[in-house]
Amino acid sequence: MRKKIVAGNWKMNLNLEEAKVLVSELKVSLDNHSAERVAQNRPTLPDVVLFPPYVYLTRILDVFFNYEGVSIGAQNCHHKEHGAYTGEVSASMIRSVGASHVIIGHSERREQFGEGDELLAEKVKQSLKNDLKVIFCCGEKLPERESGKHFQVVSDQLHKGLMWLEEDQLKNVVIAYEPVWAIGTGVTASPGQAQEMHAYIRGLVADKYGKKAADNMSILYGGSCNAKNARELFTNADVDGGLIGGASLKSADFFQIIQSFD
Ligand code: PGA
């Protein structure tokens, strides 16, 4: 069975004090709620993955040390193992501090930092080699959707960036569909649009790797997903959770999203 996941991408937000408040509130909510669920025999919450800025990784890892159901990851990594790359952080460094995940291919990296498919494929390679689980992002821009090219764009991004992997590597990969026009805009894909694209993506995985691999692939939705719309998005058969930006910065909102599969 594929996993349900709610991931919080903090981007370049929060100072250390704010980050500490956020995670301590979140932890209290998770503690209380998990105990309640066990008492009521309800299914466990989805996996939670937090993506703080690099500088807070070890702090946040300490807060959730050995805490079941919560993992910590980095928002990016460099595509080389080590070397003279001032200001950069490698996958092996991220792994060495105990983080388990990394986001690759976020549209903000593609757009603002010119990261193209080949580079992203290298980053995926480095990450998996260093035992990090990859959340690989794809998604079309508004003109691409308006001109009906959205399926082709997503297919290209996935084939070039990700789907050269061997089948057994896929178990360490999660796909996030994030239409660029929905990220940080307050405009969310409709549940129908999300389900349509997620089913298409699962079909691409099935065509290349077979039905079992496709059935096991968690596909997250991202783009103005919030405490109000998460439940409707998550009821779709092929939407296995969310990659949450803005709404992951408030513990109450994020926790409500975490509970949105109930
Ligand atoms: P948003 O960001 O939820 O603020 O739209 C999502 C993302 O970029 O991952």
Side-chain angles (χ1 to χ4, degrees), residues 3-14 18-19 22 26 46-54 56-57 60 71-77 99 101-115 120 123-124 127 132-142 144-145 150 153-154 157-158 161-162 173-191 193-194 197-198 201 218-234 236 239-261:
K3 286 191 167 152
K4 306 280 188 207
I5 300 167
V6 174
N9 174 14
W10 297 359
K11 310 190 181 183
M12 198 174 75
N13 291 301
L14 306 177
E18 292 163 340
L22 173 63
L26 185 61
D47 287 357
V48 174
V49 193
L50 302 177
F51 291 95
Y54 290 133
Y56 307 151
L57 275 175
I60 310 300
S71 307
I72 311 298
Q75 298 171 16
N76 179 34
C77 68
H101 287 67
V102 64
I103 298 174
I104 305 286
H106 193 282
S107 64
E108 286 152 16
R109 300 292 319 172
R110 292 178 190 262
E111 284 298 296
Q112 299 167 20
F113 300 92
E115 296 190 358
L120 296 175
K123 291 188 178 208
V124 169
S127 302
L132 289 173
K133 293 185 179 17
V134 170
I135 296 195
F136 188 86
C137 302
C138 59
E140 80 286 356
K141 296 179 204 155
L142 188 57
E144 292 164 339
R145 175 162 282 267
H150 44 301
V153 167
V154 166
Q157 289 173 341
L158 288 174
L162 189 70
V173 173
V174 168
I175 295 173
Y177 168 58
E178 301 205 305
V180 180
W181 46 271
I183 296 179
T185 58
V187 180
T188 317
S190 68
Q193 285 172 322
M197 184 59 88
H198 283 226
I201 292 171
S218 298
I219 307 177
L220 312 184
Y221 170 79
S224 298
C225 182
N226 58 37
K228 289 206 179 76
N229 59 30
R231 190 175 296 275
E232 212 186 342
L233 285 160
F234 295 175
N236 289 291
V239 179
D240 305 309
L243 179 54
I244 318 297
S248 73
L249 300 174
K250 292 202 181 112
S251 65
D253 286 6
F254 190 56
F255 190 64
Q256 202 173 323
I257 297 171
I258 293 169
Q259 295 177 87
S260 294
F261 285 102

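Both ligands and their constituent atoms are indexed starting at 1 by order of listing.
Ligand 1 is approached by S224 to a heavy-atom distance shorter than 4.0 Å. Within the 4.0 Å heavy-atom cutoff, G184 counts among the residues contacting ligand 1. For the pair G242 and ligand 1, no heavy-atom separation below 4.0 Å is found.
Judged by distance alone, the side chain of S218 and the main-chain N or O of K3 form a donor-acceptor pair under 3.5 Å.
Only side-chain heavy atoms of N9 come within less than 4.0 Å of ligand 1; its backbone N, CA, C and O stay farther off. Contacts between A182 and ligand 1, counted as non-hydrogen atom pairs separated by less than 4.0 Å, involve the backbone only.
Distance check, rounded to the nearest 0.5 Å: CE of M12 to CG of L14 gives 11.5 Å.
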- Task: Report the C-alpha separation of Q75 and H106 in whole Å, then their side-chain angles, then the decisive distance to 0.1 Å, and conclude whether the side-chain hydrogen bond (donor to acceptor under 3.5 Å, both in side chains) test is met.
- Result: CA-CA 9 Å; Q75 298 171 16; H106 193 282; over 6 Å; no
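Applying the 4.0 Å criterion to heavy atoms of G223 picks out, from ligand 1, the atoms 5 (O). Interface atoms of ligand 1 facing G246, defined by a heavy-atom separation under 4.0 Å, are 1 (P), 3 (O), 4 (O). Applying the 4.0 Å criterion to heavy atoms of L243 picks out, from ligand 1, the atoms 6 (C), 9 (O). Contact atoms of ligand 1 toward H106: 7 (C), 8 (O), 9 (O) (distance under 4.0 Å to a heavy atom of the residue).
Taking the six-membered ring where tryptophan is involved, the planes of H198 and Y177 are perpendicular, since the angle between them exceeds 60° and thus also 30°.
Surrounding NZ of K250 are at most 12 heavy atoms belonging to other residues, nucleotides or ligands under 6.0 Å away. E232 CD: 12 or fewer foreign heavy atoms inside a 6.0 Å radius.
Of the residues I104, L120, V173, the one that meets the side-chain contact (heavy atoms from CB on, under 4.5 Å) test with L162 is V173.
The nearest pair of heavy atoms linking Y221 to P179 is CE1-CD, 3.7 Å.
At the top of the distance list for atom 2 (O) of ligand 1, counting protein heavy atoms only, stands K11 NZ, 3.2 Å. In this structure, the protein non-hydrogen atom closest to atom 7 (C) of ligand 1 is E178 OE2, 3.2 Å.
Proximity annotation for atom 1 (P) of ligand 1: of G139, G245, A176, G245 comes nearest, heavy atoms only.
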